[in-house]
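A short write-up of the structure that comes next.
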Amino acid sequence: MRAGFTEMLRGLLDRPLASYYLLLSSSALLLTIGLVMVFSATMVESYADQGSAFFVIIQQATWALVGVVVFWVAQRLPVRTYRGIARPLLVISILLGLVLVFMPSSGSSDSGVGTDGLWLHIGPIQFQPAEIAKFGLLLWVADSLVRLGPRIASWRDLAVPMFPIAGLSMIIIGYSDLGTMLIIVAMFIGLLWASGVPLRILGVLFGVALGGSALLIAFQPYRMERILSFSRPEDFASGWGYQAIQGYYAIADGGWFGVGLGESRQKWEWLPNGHNDFIFALIAEELGVIGCMVILILFAVLVYTGFRIARRSDDPFRKLVAAGVTIWLAGQAFINIGGVLGLIPITGVPLPFISDGGTALVVVLAAVGMLAGFARAEPDASAALRARNPSRLVRLLWAPLPPAPRSEEAAPKAKTRSKAGSKPPQTK
C-alpha cells in the first residue's frame, strides 16, 4: 500500500503543470484560512469599536479581492516587464522609506500625508513601504545578478553598485522595522547563494548583517527589551513579555483539537495584536495542534513548490526570483511562528496570507502571481499548454500562453543555420 501511494504521488508530481496547481491550491487554502481566522480574531474588538462584528473582515476581504486581481495581472506579465520595473520600484520604495524615517509620526488622517509607526498615510489610504521594498529589492537584485553573469565571482564587480544600494535599503527599513529587514537580508543572501556567489563573500556579508542588526537593536531600547524578555518573559510581564505570556496561554488552552472556531478567550482584549503578529496563537487556541499542523503543511507545500519552480525554470532570472520569493515567504513564516512559539525573539512581522493587513496581503499575492506565471513557463508546462492550445477567451480571462521552451526556440534556429551552411548539391 505504501509503495502504491508513493507511485501515485510521484505520478502526480511528474505531471507538467504540477507546480502550478500545487502553488494555486496551497495559496488559496492559506488565504481562505486567513480570512476565517481574521474574522474570528477581530469580531469582538470590531463590534466594540465600530458596532459591527464584520467591519474589519470586510476590509480584509476587500484587500484580498484586490490581491486576487493583482495575482491575475502578475501571472500574465512577461519576464521583460519584471526586469523593466525592478529599478523604478526599488527607487520608489527607498523614497517612501525615507519619508517614513524623517517625517515625524502624525497619525492617520483623511487628507494629506502622514505617518504612523510603520505605516504611511496618503489621504484615506495607508500602506507599508517596507512591503513594497521586499518586492522591489528582490527584482532588482535578481536582474543585477543575471546581468553580471560570471562576474559574480569578483568582489569588485559584485559590490558596485549592488552592496551600497542594498545596504541603504536595509538600513532605511531596519530603522523602523527590524523584522522586515531580517527577512530582506535572508532573501538577499539567498539570492546571492542561488546565483553561485562564492562562500567567502557570503560569509563576509553575513558578518556585516549581524553587526548591523546588533547596532539597530542597540539604537532602539525597546528592541533590547524584546531580546531580554525572550528568555524570561515573566520578568517583563508589564512590557513585551506580556504578549508572549498571553500567547503561551492561548497555545496551552488549545490542546490537540482546540476550543472551537470562534471560541477563543484570548481575543477578548487579552492578547495584543491577536489578529496580526500573534494570529498563530489564536489558531492554536481555536483549532489546536491539528490546525497548526495544517498551516505548517500548507507552508511546506508552498516552499517545496517554490524551489521546484526555481529548479525547473530554464531562464536565469526566473530561477533567482522564484528562489527569492520562496526564501522570503519561508523566512517570514518562520520568524512569525518562531516568535509566537518562543523559539526566537518577537519581531512583529505578519504571517503571510493569514495575518490582518492589506499591504502585506496584496504584495504577497502579487509575488505568488508572478511565481505562478513562472510555473506555467517551466519547459514541460509550457510545452503542454502550447500543445493544448486554449481558446482566445481562456487566454484573455485567465492567462496567455507562456513562452516556448528554450530548446524549442533554439531548434528552428539551428535548423536554419544548418540549411544555410550546407553546400548545394553538385550536378554533373
Side-chain angles (χ1 to χ4, degrees), residues 19 22-23 26-27 70-71 74-75 77-90 93-94 130-149 152 158 162-163 165-167 169-170 173-174 179-197 199 201-202 205-206 209 299-336 349 352-353 360 362-378:
S19 300
L22 282 173
L23 185 68
S26 58
S27 302
V70 173
F71 172 96
Q75 77 163 348
L77 298 179
V79 166
R80 63 177 181 274
T81 302
Y82 287 113
R83 298 187 71 170
I85 66 174
R87 185 169 299 180
L89 196 61
L90 178 63
S93 63
I94 290 176
E131 297 296 332
I132 302 174
K134 292 178 190 174
F135 201 53
L137 192 63
L138 166 68
L139 296 178
W140 180 77
V141 172
D143 180 63
S144 300
L145 290 172
V146 171
R147 292 179 185 276
L148 284 173
I152 58 174
L158 191 63
M162 183 178 296
F163 291 169
I165 295 178
S169 303
M170 294 175 192
I173 296 169
T180 300
M181 191 208 74
L182 294 177
I183 297 169
I184 292 177
V185 168
M187 182 179 67
F188 179 68
I189 294 179
L191 282 171
L192 296 179
W193 174 78
S195 65
V197 171
L199 292 179
I201 298 178
L202 295 180
L205 291 178
F206 185 73
F299 273 113
V301 171
L302 186 67
V303 171
Y304 163 77
T305 306
F307 284 128
R308 172 189 167 105
I309 295 170
R311 180 172 56 86
R312 293 182 171 226
S313 296
D314 59 357
D315 179 81
F317 181 79
R318 290 196 194 101
K319 282 181 178 290
L320 290 180
V321 172
V325 170
T326 306
I327 294 170
W328 160 12
L329 296 178
Q332 186 165 331
F334 172 77
I335 290 175
N336 177 277
V349 297
F353 297 100
V362 171
V363 172
V364 165
L365 287 175
V368 173
M370 177 179 61
L371 203 58
F374 294 172
R376 289 169 57 88
E378 289 180 6

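Here, residue 1 is the first one in the sequence, and each next residue gets the next number. Please read these numbers as outputs of a predicted model, since none were measured by experiment.
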| request: Dump the intermediate steps for side chain to side chain contact (heavy atoms under 4.5 Å, CB included) on L192 and I201, then the final yes or no. | output: CA-CA 9 Å; L192 296 179; I201 298 178; 5.6 Å; no
| request: Just do the side chain to side chain contact (heavy atoms under 4.5 Å, CB included) check on F317 and L139 with the steps written out, would you? | output: CA-CA 9 Å; F317 181 79; L139 296 178; 4.1 Å; yes
| request: Using the side chain to side chain contact (heavy atoms under 4.5 Å, CB included) rule, take V368 and L329 through it: C-alpha gap first, then chi angles, then the decisive distance, then the call. | output: CA-CA 10 Å; V368 173; L329 296 178; 4.2 Å; yes
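The closest side-chain heavy-atom distance from V70 to V362 is below 4.5 Å. Between F135 and E131 there is no side-chain heavy-atom pair separated by less than 4.5 Å. Annotation: side chain of I184 is in contact with side chain of L137 (closest heavy-atom distance under 4.5 Å).
The two residues L302 and S27 have their closest heavy-atom pair at CD1-OG, 3.6 Å. L202 and I189 get closest at one heavy-atom pair: CD2-O, 4.1 Å. Here the closest non-hydrogen pair linking A330 and V303 is CB-CG2, 3.7 Å. Minimum heavy-atom separation, S313 to F374: OG-O, 4.5 Å. Nearest heavy-atom pair, K134 versus M187, reported as atom, atom and distance to 0.1 Å: O-CE, 3.5 Å. Between P352 and F299, the closest heavy-atom pair is O-CZ, 3.4 Å.
Here S195 contributes atom OG and L158 contributes atom CG; the two are 7.5 Å apart, rounded to the nearest 0.5 Å. Considering CZ of F353 and CD of Q332, their distance stands at 10.0 Å, rounded to 0.5 Å. Between L23 atom CG and Q75 atom CD the span is 9.5 Å, to the nearest 0.5 Å. A distance of 10.5 Å separates OH of Y304 from CD1 of I309, quoted to the nearest 0.5 Å. To the nearest 0.5 Å, atom CG of residue L138 and atom CG of residue L90 are 11.0 Å apart. How far CH2 of W140 is from OG of S93: 11.0 Å, rounded to the nearest 0.5 Å.
Not one N or O on the side chain of Y82 forms a donor-acceptor pair closer than 3.5 Å with the backbone of D143.
The environment of CZ in F307 is crowded: more than 12 heavy-atom neighbours from other residues, nucleotides or ligands sit within 6.0 Å. Residue-environment remark: CZ (R87) stays at or below the threshold of 12 foreign heavy atoms within 6.0 Å.
Looking at V141, I327, V321 one by one, the single match for side chain to side chain contact (heavy atoms under 4.5 Å, CB included) with L191 turns out to be V141.
Annotation: side-chain contact (heavy atoms from CB on, under 4.5 Å) contacts of A209 (sequence neighbours excluded): V185.
Within the structure, every pair that satisfies the salt bridge (Lys or Arg N to Asp or Glu O under 4.0 Å) test and touches residues 318-335, not counting sequence neighbours, is listed here: D314-R318. The side chain to side chain donor-acceptor pair (under 3.5 Å) pairs that include a residue from residues 369-378 are S19-E378, where partners are two or more places apart or lie in different chains.
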